[in-house]
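As C-alpha coordinates, the structure follows; a few thoughts come after it.
What you see below is based on every heavy atom in this structure, not just the backbone, and it leaves out hydrogens, waters and symmetry mates. What you see is a predicted model; the values in this text were computed from it and never measured. Atoms within each ligand, like the ligands themselves, are counted from 1 in listed order.
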Amino acid sequence: MTGKRHWDGLKVGTPGENDLSIMGVPFDGAVSNARGAAEAPAKLRELSKRFSPFSEEGRDLRNLAIYDRGDLPYNHDWVSYYAEVERQALELFQAGTLPLFLGGDHSVTIPLSSAFSRYYNPKPVGMVHLDAHSDLMDMYQDQKWSHACPQRRFLEQDNTSPKNLFLVGIREFEAEEVAFWKNNPDLGLVTARRYHRDGHKAVTSEMVSAMGGLEAVYLSIDIDILDPAYAPGTGTPQAGGLSTRQLIELVWDTITRLPVKAIDLVEVAPPVDISDLTSRAALKVIYEIFAAVNSLKEQ
Ligand SMILES: [Mn+2]
(Lines give C-alpha, C1' and ligand atoms only; values in the text may rest on other atoms or scores of the structure.)
Protein backbone atom coordinates (compact mmCIF):
# COMPACT_ATOMS: atom_id res chain seq x y z
CA MET A 1 0.00 0.00 0.00
CA THR A 2 1.23 3.48 -0.83
CA GLY A 3 -0.27 6.94 -0.57
CA LYS A 4 0.27 10.06 1.47
CA ARG A 5 -1.69 10.40 4.65
CA HIS A 6 -2.61 13.79 5.99
CA TRP A 7 -5.89 14.51 7.86
CA ASP A 8 -3.74 16.92 9.88
CA GLY A 9 -4.77 17.52 13.45
CA LEU A 10 -6.63 14.22 13.75
CA LYS A 11 -5.19 11.41 15.80
CA VAL A 12 -3.27 8.78 13.85
CA GLY A 13 -4.85 5.42 14.55
CA THR A 14 -3.34 1.99 14.13
CA PRO A 15 -4.97 -0.96 12.36
CA GLY A 16 -6.31 -2.33 15.62
CA GLU A 17 -7.20 0.95 17.25
CA ASN A 18 -9.03 3.57 15.27
CA ASP A 19 -12.47 5.11 14.90
CA LEU A 20 -12.42 5.20 11.13
CA SER A 21 -10.27 3.54 8.47
CA ILE A 22 -9.61 5.19 5.13
CA MET A 23 -8.69 3.35 1.95
CA GLY A 24 -8.26 4.92 -1.49
CA VAL A 25 -9.43 3.00 -4.55
CA PRO A 26 -8.01 5.10 -7.40
CA PHE A 27 -9.70 3.32 -10.29
CA ASP A 28 -11.45 5.13 -13.14
CA GLY A 29 -11.41 2.53 -15.87
CA ALA A 30 -15.18 2.07 -15.83
CA VAL A 31 -16.49 5.56 -16.56
CA SER A 32 -18.62 6.36 -19.59
CA ASN A 33 -17.55 9.98 -20.00
CA ALA A 34 -14.67 12.02 -18.46
CA ARG A 35 -11.93 10.22 -16.56
CA GLY A 36 -9.91 11.59 -13.66
CA ALA A 37 -11.57 10.08 -10.56
CA ALA A 38 -8.41 8.02 -10.01
CA GLU A 39 -6.71 11.23 -8.90
CA ALA A 40 -9.24 11.97 -6.15
CA PRO A 41 -7.70 10.12 -3.16
CA ALA A 42 -4.33 11.89 -3.55
CA LYS A 43 -5.99 15.28 -4.11
CA LEU A 44 -8.29 14.91 -1.09
CA ARG A 45 -5.40 13.93 1.19
CA GLU A 46 -3.33 16.85 -0.10
CA LEU A 47 -6.12 19.39 0.49
CA SER A 48 -6.86 17.91 3.92
CA LYS A 49 -3.64 19.56 5.14
CA ARG A 50 -5.51 22.86 5.14
CA PHE A 51 -8.66 21.63 6.86
CA SER A 52 -9.25 22.49 10.49
CA PRO A 53 -9.84 19.55 12.87
CA PHE A 54 -13.08 21.17 14.04
CA SER A 55 -16.47 20.49 12.52
CA GLU A 56 -18.61 23.33 11.23
CA GLU A 57 -20.36 23.45 14.61
CA GLY A 58 -17.10 23.57 16.53
CA ARG A 59 -17.02 19.87 17.37
CA ASP A 60 -13.45 18.91 18.31
CA LEU A 61 -12.19 16.12 16.05
CA ARG A 62 -8.68 15.92 17.47
CA ASN A 63 -9.47 12.75 19.40
CA LEU A 64 -10.84 10.92 16.40
CA ALA A 65 -8.31 8.26 15.45
CA ILE A 66 -7.94 7.83 11.70
CA TYR A 67 -6.11 4.91 10.20
CA ASP A 68 -5.32 5.59 6.53
CA ARG A 69 -4.22 2.45 4.73
CA GLY A 70 -3.30 4.46 1.64
CA ASP A 71 -4.33 3.55 -1.88
CA LEU A 72 -4.70 0.22 -3.57
CA PRO A 73 -2.47 0.81 -6.60
CA TYR A 74 -4.45 0.63 -9.83
CA ASN A 75 -3.70 -2.15 -12.24
CA HIS A 76 -5.30 -2.58 -15.63
CA ASP A 77 -6.52 -6.10 -15.03
CA TRP A 78 -10.04 -5.53 -13.68
CA VAL A 79 -10.57 -9.04 -12.48
CA SER A 80 -7.49 -9.15 -10.30
CA TYR A 81 -7.87 -5.51 -9.16
CA TYR A 82 -11.49 -5.94 -8.07
CA ALA A 83 -10.64 -9.20 -6.33
CA GLU A 84 -7.92 -7.37 -4.41
CA VAL A 85 -10.25 -4.45 -3.56
CA GLU A 86 -12.78 -6.94 -2.23
CA ARG A 87 -10.16 -8.83 -0.23
CA GLN A 88 -8.77 -5.67 1.40
CA ALA A 89 -12.25 -4.30 2.11
CA LEU A 90 -13.17 -7.57 3.81
CA GLU A 91 -10.10 -7.19 6.04
CA LEU A 92 -11.32 -3.76 7.08
CA PHE A 93 -14.78 -5.12 7.95
CA GLN A 94 -13.16 -7.89 9.96
CA ALA A 95 -11.08 -5.28 11.84
CA GLY A 96 -14.39 -3.94 13.13
CA THR A 97 -14.00 -0.20 12.55
CA LEU A 98 -15.92 1.96 10.12
CA PRO A 99 -14.25 2.13 6.69
CA LEU A 100 -14.40 5.20 4.46
CA PHE A 101 -13.44 4.28 0.90
CA LEU A 102 -12.33 7.04 -1.49
CA GLY A 103 -12.94 6.38 -5.19
CA GLY A 104 -12.35 6.15 -7.96
CA ASP A 105 -15.37 5.96 -10.19
CA HIS A 106 -18.61 4.42 -8.94
CA SER A 107 -17.72 0.95 -10.21
CA VAL A 108 -15.50 0.55 -7.11
CA THR A 109 -18.71 0.18 -5.10
CA ILE A 110 -19.16 -3.21 -6.82
CA PRO A 111 -16.28 -5.03 -5.05
CA LEU A 112 -16.63 -2.90 -1.91
CA SER A 113 -20.34 -3.63 -1.43
CA SER A 114 -19.74 -7.26 -2.32
CA ALA A 115 -17.24 -7.52 0.57
CA PHE A 116 -19.75 -5.74 2.79
CA SER A 117 -22.66 -8.07 1.89
CA ARG A 118 -20.49 -11.14 2.27
CA TYR A 119 -19.22 -10.00 5.65
CA TYR A 120 -22.75 -9.56 7.08
CA ASN A 121 -24.33 -12.56 5.30
CA PRO A 122 -26.80 -14.10 6.21
CA LYS A 123 -28.04 -10.92 7.92
CA PRO A 124 -29.88 -8.65 5.50
CA VAL A 125 -27.98 -5.48 4.59
CA GLY A 126 -29.06 -2.12 3.20
CA MET A 127 -27.66 0.54 0.90
CA VAL A 128 -28.24 4.30 0.87
CA HIS A 129 -27.17 5.61 -2.52
CA LEU A 130 -26.83 9.40 -2.93
CA ASP A 131 -26.38 10.13 -6.61
CA ALA A 132 -27.78 11.86 -9.72
CA HIS A 133 -27.98 8.41 -11.31
CA SER A 134 -29.64 5.23 -10.08
CA ASP A 135 -26.79 3.00 -11.37
CA LEU A 136 -29.28 0.21 -11.95
CA MET A 137 -28.11 -0.91 -15.38
CA ASP A 138 -27.51 -4.62 -15.80
CA MET A 139 -24.91 -3.89 -18.51
CA TYR A 140 -23.57 -0.62 -19.82
CA GLN A 141 -21.43 -0.30 -22.94
CA ASP A 142 -21.22 -4.14 -22.93
CA GLN A 143 -19.79 -4.12 -19.43
CA LYS A 144 -21.28 -5.58 -16.22
CA TRP A 145 -18.74 -3.67 -14.13
CA SER A 146 -19.51 -0.22 -15.50
CA HIS A 147 -20.02 2.67 -13.09
CA ALA A 148 -23.65 2.57 -14.31
CA CYS A 149 -24.16 -0.90 -12.75
CA PRO A 150 -23.17 -0.98 -9.04
CA GLN A 151 -26.67 -1.13 -7.58
CA ARG A 152 -27.70 -3.98 -9.90
CA ARG A 153 -24.62 -5.91 -8.78
CA PHE A 154 -25.48 -5.10 -5.13
CA LEU A 155 -28.99 -6.52 -5.63
CA GLU A 156 -27.48 -9.81 -6.84
CA GLN A 157 -26.20 -10.55 -3.34
CA ASP A 158 -28.51 -12.97 -1.56
CA ASN A 159 -28.91 -10.81 1.57
CA THR A 160 -30.01 -7.68 -0.33
CA SER A 161 -33.38 -6.66 -1.73
CA PRO A 162 -34.91 -3.65 -3.50
CA LYS A 163 -36.74 -2.65 -0.32
CA ASN A 164 -33.36 -2.28 1.43
CA LEU A 165 -31.96 -0.03 -1.28
CA PHE A 166 -32.71 3.69 -0.88
CA LEU A 167 -31.63 6.15 -3.56
CA VAL A 168 -31.79 9.93 -3.22
CA GLY A 169 -31.09 12.73 -5.70
CA ILE A 170 -31.81 10.77 -8.87
CA ARG A 171 -32.44 12.87 -12.00
CA GLU A 172 -31.12 11.00 -15.03
CA PHE A 173 -32.26 7.59 -16.27
CA GLU A 174 -31.74 5.03 -18.96
CA ALA A 175 -34.93 3.28 -20.18
CA GLU A 176 -33.87 0.04 -18.48
CA GLU A 177 -33.50 1.79 -15.12
CA VAL A 178 -36.99 3.29 -15.30
CA ALA A 179 -38.38 -0.16 -16.16
CA PHE A 180 -36.48 -1.73 -13.25
CA TRP A 181 -37.85 0.91 -10.86
CA LYS A 182 -41.42 0.39 -12.09
CA ASN A 183 -41.07 -3.40 -11.82
CA ASN A 184 -39.74 -3.11 -8.26
CA PRO A 185 -42.21 -0.89 -6.40
CA ASP A 186 -40.44 -1.67 -3.08
CA LEU A 187 -37.32 0.12 -4.28
CA GLY A 188 -36.77 3.34 -2.32
CA LEU A 189 -36.11 5.87 -5.05
CA VAL A 190 -36.38 9.59 -4.33
CA THR A 191 -35.76 11.78 -7.35
CA ALA A 192 -34.07 15.17 -6.91
CA ARG A 193 -37.43 16.71 -7.71
CA ARG A 194 -39.28 14.74 -5.02
CA TYR A 195 -36.52 15.56 -2.51
CA HIS A 196 -37.04 19.23 -3.32
CA ARG A 197 -40.84 19.06 -3.13
CA ASP A 198 -41.29 16.74 -0.12
CA GLY A 199 -38.36 18.15 1.81
CA HIS A 200 -35.47 16.79 3.81
CA LYS A 201 -37.44 15.71 6.90
CA ALA A 202 -40.00 13.69 4.97
CA VAL A 203 -37.36 11.96 2.87
CA THR A 204 -35.08 11.07 5.78
CA SER A 205 -38.05 9.77 7.82
CA GLU A 206 -38.97 7.58 4.87
CA MET A 207 -35.38 6.34 4.66
CA VAL A 208 -35.22 5.53 8.37
CA SER A 209 -38.53 3.67 8.36
CA ALA A 210 -37.44 1.67 5.28
CA MET A 211 -34.03 0.69 6.69
CA GLY A 212 -34.30 1.14 10.45
CA GLY A 213 -34.72 -2.58 11.16
CA LEU A 214 -31.38 -3.53 9.61
CA GLU A 215 -28.11 -4.08 11.45
CA ALA A 216 -25.80 -2.87 8.68
CA VAL A 217 -26.19 -0.20 6.03
CA TYR A 218 -23.69 0.89 3.36
CA LEU A 219 -23.66 4.61 2.49
CA SER A 220 -22.48 5.32 -1.05
CA ILE A 221 -21.99 9.00 -1.95
CA ASP A 222 -21.51 9.94 -5.59
CA ILE A 223 -20.42 13.59 -5.61
CA ASP A 224 -22.63 14.14 -8.68
CA ILE A 225 -25.67 14.15 -6.38
CA LEU A 226 -24.60 17.80 -6.02
CA ASP A 227 -25.63 20.32 -8.62
CA PRO A 228 -22.73 21.09 -10.99
CA ALA A 229 -22.79 24.60 -9.49
CA TYR A 230 -21.37 23.01 -6.31
CA ALA A 231 -19.44 20.14 -7.87
CA PRO A 232 -18.46 20.76 -11.50
CA GLY A 233 -15.49 18.37 -11.38
CA THR A 234 -17.09 15.02 -11.95
CA GLY A 235 -17.39 12.65 -14.91
CA THR A 236 -21.13 12.88 -15.59
CA PRO A 237 -22.46 16.14 -14.08
CA GLN A 238 -26.22 16.65 -14.18
CA ALA A 239 -28.03 19.95 -13.53
CA GLY A 240 -30.86 20.27 -11.04
CA GLY A 241 -29.04 18.68 -8.13
CA LEU A 242 -28.70 19.17 -4.39
CA SER A 243 -26.65 21.79 -2.60
CA THR A 244 -23.61 20.93 -0.48
CA ARG A 245 -25.67 21.99 2.56
CA GLN A 246 -28.38 19.44 1.71
CA LEU A 247 -25.83 16.67 1.15
CA ILE A 248 -24.16 17.35 4.51
CA GLU A 249 -27.56 17.11 6.23
CA LEU A 250 -28.34 13.84 4.40
CA VAL A 251 -24.98 12.39 5.44
CA TRP A 252 -25.45 13.41 9.09
CA ASP A 253 -28.96 11.92 9.22
CA THR A 254 -27.88 8.70 7.55
CA ILE A 255 -24.90 8.15 9.88
CA THR A 256 -26.66 9.11 13.11
CA ARG A 257 -30.04 7.46 12.43
CA LEU A 258 -29.06 4.26 10.61
CA PRO A 259 -26.48 1.56 11.45
CA VAL A 260 -23.94 2.72 8.84
CA LYS A 261 -21.03 0.23 8.70
CA ALA A 262 -19.35 1.34 5.46
CA ILE A 263 -19.10 4.57 3.49
CA ASP A 264 -17.72 5.38 0.08
CA LEU A 265 -17.28 8.71 -1.68
CA VAL A 266 -16.78 8.46 -5.43
CA GLU A 267 -16.60 10.29 -8.77
CA VAL A 268 -14.62 13.36 -7.68
CA ALA A 269 -12.52 14.05 -10.80
CA PRO A 270 -9.78 16.63 -10.09
CA PRO A 271 -8.58 16.99 -13.74
CA VAL A 272 -12.00 18.34 -14.83
CA ASP A 273 -12.55 20.43 -11.69
CA ILE A 274 -12.49 24.22 -11.34
CA SER A 275 -10.30 25.67 -8.54
CA ASP A 276 -10.65 22.36 -6.64
CA LEU A 277 -14.29 23.28 -5.84
CA THR A 278 -15.48 19.68 -6.10
CA SER A 279 -12.62 18.27 -4.03
CA ARG A 280 -13.23 20.93 -1.38
CA ALA A 281 -16.96 20.11 -1.31
CA ALA A 282 -16.07 16.42 -0.95
CA LEU A 283 -13.63 17.20 1.88
CA LYS A 284 -16.26 19.27 3.65
CA VAL A 285 -18.53 16.23 3.49
CA ILE A 286 -15.68 13.99 4.72
CA TYR A 287 -14.99 16.21 7.75
CA GLU A 288 -18.70 16.21 8.58
CA ILE A 289 -18.61 12.39 8.29
CA PHE A 290 -15.78 12.55 10.86
CA ALA A 291 -17.95 14.82 13.04
CA ALA A 292 -21.01 12.55 12.79
CA VAL A 293 -18.88 9.51 13.70
CA ASN A 294 -17.41 11.47 16.59
CA SER A 295 -20.90 12.41 17.82
CA LEU A 296 -21.81 8.69 18.00
CA LYS A 297 -18.63 7.98 19.96
CA GLU A 298 -19.63 10.52 22.57
CA GLN A 299 -23.10 9.05 23.08
MN1 LIG B 1 -23.67 9.40 -10.58
Side-chain angles (χ1 to χ4, degrees), residues 25-41 44 100-113 127-141 143-155 165-178 180-181 187-196 203 207 218-244 246-248 250-251 254 262-273 277-279 281-282 285-286:
V25 190
F27 177 86
D28 62 5
V31 301
S32 47
N33 191 20
R35 289 201 181 204
E39 295 179 29
L44 294 172
L100 168 63
F101 304 106
L102 303 176
D105 70 46
H106 218 152
S107 72
V108 303
T109 302
I110 296 172
L112 294 171
S113 68
M127 168 76 74
V128 174
H129 170 99
L130 310 180
D131 199 324
H133 313 91
S134 64
D135 295 347
L136 283 166
M137 293 295 285
D138 184 34
M139 302 266 282
Y140 194 72
Q141 295 172 337
Q143 183 52 259
K144 277 184 103 71
W145 285 359
S146 162
H147 72 155
C149 306
Q151 298 315 343
R152 276 297 276 279
R153 297 291 84 77
F154 178 68
L155 290 174
L165 173 57
F166 200 88
L167 307 98
V168 183
I170 314 304
R171 57 193 186 276
E172 186 180 31
F173 291 99
E174 299 285 335
E176 181 189 328
E177 294 174 306
V178 176
F180 187 86
W181 178 22
L187 183 70
L189 195 153
V190 179
T191 61
R193 183 159 192 246
R194 186 153 83 77
Y195 177 83
H196 177 74
V203 169
M207 176 180 79
Y218 187 119
L219 169 61
S220 184
I221 308 164
D222 183 329
I223 203 67
D224 73 23
I225 186 176
L226 296 179
D227 192 273
Y230 299 91
T234 189
T236 44
Q238 187 67 215
L242 276 64
S243 68
T244 314
Q246 289 170 318
L247 175 58
I248 288 170
L250 272 174
V251 165
T254 308
I263 305 172
D264 69 36
L265 178 66
V266 299
E267 299 282 353
V268 173
V272 293
D273 204 1
L277 284 174
T278 311
S279 296
V285 171
I286 289 171

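- Checking side-chain atoms of E176 against main-chain N and O of D138 turns up a donor-acceptor pair under 3.5 Å.
- In this structure, the side chain of D222 does not engage the main chain of D131 through any donor-acceptor pair within 3.5 Å.
- With 2.8 Å as the limit, D131 counts as an N, O or S neighbour of the Mn ion (ligand 1).
- Put simply, the side chain of R171 never gets that close to the backbone of A192: no donor and acceptor are under 3.5 Å apart.
- With a cut-off of 2.8 Å, the Mn ion (ligand 1) has no N, O or S atom of D135 in range.
- Nearest N/O/S atom of D224 relative to the Mn ion (ligand 1): this is OD2.
- The Mn ion (ligand 1) has H133 among its coordinating residues (N/O/S atom, backbone or side chain, under 2.8 Å).
- When you scan the N, O or S atoms of D222 for the one nearest the Mn ion (ligand 1), you land on OD2.
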Side chains of residues 229-240: which donor-acceptor pairs under 3.5 Å do they make with residues two or more places apart or in other chains?
unit_1: T234; atom_1: OG1; unit_2: E267; atom_2: O; d: 2.6
unit_1: Q238; atom_1: NE2; unit_2: E172; atom_2: OE1; d: 3.1
unit_1: Q238; atom_1: NE2; unit_2: E172; atom_2: OE2; d: 3.3

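- Panel note: side chain R153, backbone K144; a donor-acceptor pair is recorded below 3.5 Å.
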